[in-house]
Structures are given as C-alpha cells and as structure tokens.
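Read the structure below first, then the notes.
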Amino acid sequence: MDANSITFIVPIILMLVAFVIGYFLRKYLAEAKIASAETEAKKIMEVAEKEAEAKKRESVLEAKEEVLKLRNDMERENRDRRSELQRLERRLMQKEETLDRKVDSIEKKEEVLSQKELDIDATKAQLTEVYNRQLGELERISGMTSEDAKQVLLDGIEKEMQHEAAMMIKEIENKAKEEGEKRARDIISLAIQRCAADHVAETTVTVMPLPSDEMKGRIIGREGRNIRAFETLTGIDLIIDDTPEAVILSGFDPIRREVARIALEKLIIDGRIHPARIEEMVEKAQKEVNTQIREAGEQATFETGVHGLHPELVTLLGRLKFRTSYGQNVLKHSIEVAHLAGLMASEIGADIQITKRAGLLHDIGKSVDHEMEGPHVSIGVDLAKKYRESHDVIHAIATHHGDEDPKTIIAVLVQAADAVSAARPGARRETLESYIKRLTKLEEIANSFEGVDKSFAIQAGREIRIMVKPDKVDDLAAIRLVKDITKKIENELDYPGQIKVMIIRETRVVDYAK
C-alpha cells in the first residue's frame, strides 16, 4: 500500500471512528435524559396522586359534614313539627271538651224549655177558660157584646192617644228646635275656635318710602315726562306732595297698584329713571305679580287641601289676594270660609272635601267682577260652570248671599261659614264702611239744598266743594247757602276735626265766531 492510499484511508477510518463514538455518545446522553424525564414524571405523578388523595379526603369530609348538618336540620325541623302537632292536638282536644260541655248544657236547657212550654200551654188553656167566663159575665152585666165594648174602648184609646201624640209632637218639636239651635251654636263655635285666620286689611293707596326728597325730582323727570310715562304704563296715579321722603300710589285696582309699587321700588333701587327704563321695570313687575298670583292660588289650595282645580281657577284664586271687601282680604276670607265650612261638615257628617271646595270658590267672581258686568255671584257661577265644577259647588256659589234658596246641606254650610267669617269681630274694618257712608251723607246734605248742581267730598272728607247754579244762586245767596250747609253738617253728621265747605259759582259765556 503506498503512501497516498494510506493518506486517504486514515481520515476515512478516523471519520468512521468519530461517527461511531458520536453515535454511542448521543445514544448514552439520550438514554440519560429519558431516564431523568421518567424519574421526574414519576415524582410528578406521585405528588399529583398525593394531592388528589388529599382533596378526596377533604371532599369526603365536607360531604360528611354537609350530610351531618342536613341530618341535624331535618331532625330539628321534625322536632318542631312534632311539637306543633302536639300543640294542635291539645287545642283540638280542649275544643272537643268545650263543645261536649256546651252540647250537654244545650240539651239540659232544651229539656227545661220543653217543660216550660208544657207549663205555658197549660197556663194558657186555664187563662183562656177564665177569660171566656169573665167575658160572658161582663157581657151579661153590661148588656153589650164584646165587639161593641171593644169599639168603645178603642174610640176612647184613640182620642187619648191623639191628644198624647199631639202633646208629644209639640214637645219633640220644641226639644228638637232647642237641641238644633244648641247643636248649631256648638258646631259654629267649635269651627270658629279651630279656625282663627288673620286678615290683612288694605286700602286704595300705597305709601312708598324714598331714600331722600331728591328722588322726587328724578321721579317727576324733565317737564314731568317720567311721572306721565309711569302713570300711563301702570294706570295708577302717582301723588307727590309735601310728605317728606314718601310718595303715594293711588288707584282702586289693587293688582295695578302692586305692579306700580314693585316697579317704583325697582326704579328707586336702580337709580336710572327715564321712560324706557320705566317701561322695562313695569314689564318685570307685571311678570313678578303674575308669579305671586299663581303662587298665592297654589298656596290657598294646599292650605285648604282642595286639589284638582282647573289651572285658571287657581290663578283666579290668586288674584283674590289683591282684593278686599270692607277691608277684609278676600283670599284670606275664602280660605277661612273653606276651613269653617269643612269643620262644620265634619261635625254633621257631610262631604268635607266638596264643602271645602265650595267654600274656597264661593267668592271667585270677585276676582274679575270689575272686568265683567254683573254681580260677583253670577260671575262666580259662570266661572264654575266654565271650568266644570260639580253641581253642589255651583249651587253653593249661587246661594251664598241668599240670592237663591239653598237646597243642599253644602250650600247651607257655605252660607253660614261666609256669614261667620264676615261677621266675627276684627275680620272687617267697620271704619272703612263708616267712612264711605260719611262721605255719601256729606254729599247728600249738600245736594239737599235748592240751587246746588253738584257736590264733591274730597280730601278724605275734610273738604266739600259745591257747584251751584249761577242763575238761581247769586253772590249773596251763596254766602247764606254756605252758612246753612255748614250748620246742617254740624247738626246731622259726626266727623273728626273740621270740614271745609266751599261753594263755587261759575258763569260761562260762550259764543262762536262764524
């Protein structure tokens, strides 16, 4: 073998040896890894088997505890049921014993009653026999049959009973009248006692305080433009006189007067007073007053417990807050009438809710009576019909001033409550009514003299101006007339202070240039 062949074969042999060694080495390593993996797997299996065994034991223990708990609950429930059944059995046995005793008692009573019935029958037969003998003897002695005697007896009893019945009826009527009056007084006094409402008396003027007299000039404005704009927009007279730091709002519409008061108050606070600002403030004041009206109506329904009114009726109720009658606030008066009528209805068993509803709405016509023609009663009836109030409410409104005869107990209660609310001391200011009567009487005294054309009581009755007919009263006669009128006023009229009497004689000469 030459050197080249040896050189070629040796590497091949080395490669084969290396391959064989590598093969056996890899096989050894693989077997070692497999043995290690098998050992690890056995360890994992052992751990898993131990954990599974532990969980199994825990599950078994939990199941045993649950079974034991259920068994205890069932035993306790069974004991409770047995106790309840035993208690029911004892009650049934007691009831059976009671029923047995009652049955025995009833049977004994039936025996006694049967014996008494036999005794009664025997006694009745004896009485019948005695009655027949006595009746025959009476007929023989009196010479009258039993029918004739019965008729005579009945006639006498009838006359006697008629007399007694008449006396009894009269006595019952008197007693019923006395009791009715006493009961009515008690009911009304109780209703008044339980309902003591305060009333706010208002007049036709509102005094507005000013921060200073300088504000009067700003309110008047240049050439009076501010005061003219204010009066035009509000419809209220603004009187600015010598009263320090105050102006007077005068008007018969209380809602307009309230709008004017709020607007003027806002202008005074703002300080900027000119026609455009006045118009803006008047508009805001009108919105504020409308809100007050709505809230006042809602408060009245809430206070009286009257619900389900039409929204327009609630608004009309709120308008009553700014209306007065002889100084008595009409809304407060209506609320008081509702309470009084409801209290009286509760005393006599009438429908309280309908009665209170009728009492609250009885003067609803006064909220618009200066805007619509007719008395407030007929206006209120029309409004109640318009907003679908019940017949009882409409009838109560129609009769609360006696224009119609009340036909329901609700109408009678509302009529009585209205009278009580108006007549109780302090509710209405009699001085206002007296004041109006005094002014009317003052003008009547002046108009009673011959030659007087017109007369006007002004300055709250402290002055009267008399217009005379110039063709019938001359200057000298006017002097005599003023003395006569003054003397008659002093003799026939009561008044505080003094009254200025002024006669005005005016001669007008009119011609036309053609």
Side-chain angles (χ1 to χ4, degrees), residues 61-138 146-147 149-151 153-154 156-158 160-162 164-165 167-169 171-180 182-184 186-187 190-191 193-194 305 307-308 341-356 390 392 408-410 413:
L61 288 174
E62 289 178 357
K64 287 181 179 180
E65 289 176 356
E66 186 69 23
V67 169
L68 182 60
K69 183 179 178 182
L70 291 174
R71 184 180 300 166
N72 292 334
D73 292 341
M74 290 181 63
E75 289 178 354
R76 185 170 58 254
E77 186 176 353
N78 289 332
R79 284 197 301 272
D80 293 341
R81 288 183 179 178
R82 283 196 298 270
S83 300
E84 183 67 19
L85 289 174
Q86 289 174 359
R87 188 176 62 82
L88 292 174
E89 286 177 359
R90 286 195 298 271
R91 289 184 60 187
L92 288 173
M93 290 177 65
Q94 290 174 357
K95 287 184 178 181
E96 286 179 358
E97 292 175 356
T98 303
L99 288 174
D100 292 339
R101 287 196 296 270
K102 288 183 178 180
V103 169
D104 294 339
S105 177
I106 291 170
E107 289 177 352
K108 291 178 181 178
K109 288 181 179 179
E110 286 180 351
E111 292 177 359
V112 174
L113 288 175
S114 299
Q115 185 62 37
K116 285 184 178 180
E117 286 179 357
L118 294 174
D119 295 341
I120 289 171
D121 291 339
T123 305
K124 190 185 294 185
Q126 293 176 2
L127 290 173
T128 302
E129 184 179 354
V130 172
Y131 172 77
N132 291 331
R133 286 201 306 269
Q134 290 179 349
L135 184 61
E137 187 66 20
L138 287 172
S146 61
E147 294 297 328
K150 185 186 296 183
Q151 188 61 40
L153 184 62
L154 288 175
I157 293 173
E158 183 179 0
E160 184 179 354
M161 292 302 295
Q162 286 178 351
E164 290 183 0
M167 295 296 293
M168 189 179 295
I169 289 171
E171 183 180 355
I172 290 172
E173 286 179 349
N174 293 333
K175 187 175 180 181
K177 187 176 181 181
E178 293 175 0
E179 289 292 331
K182 182 176 181 300
R183 178 65 174 160
D186 291 342
I187 290 174
L190 178 63
Q193 183 181 12
R194 292 171 62 187
H307 304 293
L343 291 171
M344 290 189 285
S346 66
E347 291 294 326
I348 63 175
D351 191 323
I352 298 174
Q353 288 301 318
I354 295 297
T355 306
K356 291 174 86 172
S390 64
D392 289 335
T408 63
I409 188 64
I410 293 175
L413 292 176

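Only heavy atoms go into these numbers, but all of them, side chains included; no hydrogens, no water, no symmetry mates.
- Applying the side-chain contact (heavy atoms from CB on, under 4.5 Å) rule to E107 yields the partners V103, D104; only residues at least two apart in sequence or on another chain are considered.
- Residue pairs meeting the salt bridge (charged side-chain N to carboxylate O under 4.0 Å, His left out) criterion with at least one member in residues 114-131, sequence neighbours excluded, are E129-R133.
- With sequence neighbours excluded, the residues that form a salt bridge (Lys or Arg N to Asp or Glu O under 4.0 Å) with E77 are R81.
- Looking at residues two or more places apart in sequence or on another chain, you find no side chain to side chain donor-acceptor pair (under 3.5 Å) involving R79.
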For residues 90-101, run the donor-acceptor check on the side chains, cut-off 3.5 Å, and write out each pair with its distance to 0.1 Å, sequence neighbours left out.
from: T98; atom 1: OG1; to: Q94; atom 2: O; distance (Å): 2.9
from: T98; atom 1: OG1; to: R101; atom 2: NH2; distance (Å): 3.4

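- Separating the CG atom in L113 from the CD1 atom in I106 is a distance of 11.0 Å, to the nearest 0.5 Å.
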When the side chains of residues 62-72 are checked against the rest of the protein, which donor-acceptor pairs come out under 3.5 Å, sequence neighbours left out?
from: N72; atom 1: ND2; to: L68; atom 2: O; distance (Å): 3.2

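- With sequence neighbours excluded, the residues satisfying salt bridge (Lys or Arg N to Asp or Glu O under 4.0 Å) with R76 are D73.
- When side chains are defined from C-beta on, L118 counts as touching Q115, because their heavy atoms get closer than 4.5 Å.
- Listed by chain and residue number, A345, S346, K356 satisfy the side-chain contact (heavy atoms from CB on, under 4.5 Å) test with I352 (two or more places apart in sequence, or in another chain).
- Rounding to the nearest 0.5 Å places CD1 of I348 at 7.5 Å from OG1 of T355.
- E84 meets the side-chain contact (heavy atoms from CB on, under 4.5 Å) test with R87, L88; sequence neighbours excluded.
- Here the CZ atom belonging to R82 is positioned 12.5 Å from the CD atom belonging to E89, to the nearest 0.5 angstrom.
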side-chain contact (heavy atoms from CB on, under 4.5 Å) between D392 and D351, worked out: CA-CA 10 Å; D392 289 335; D351 191 323; over 6 Å; no
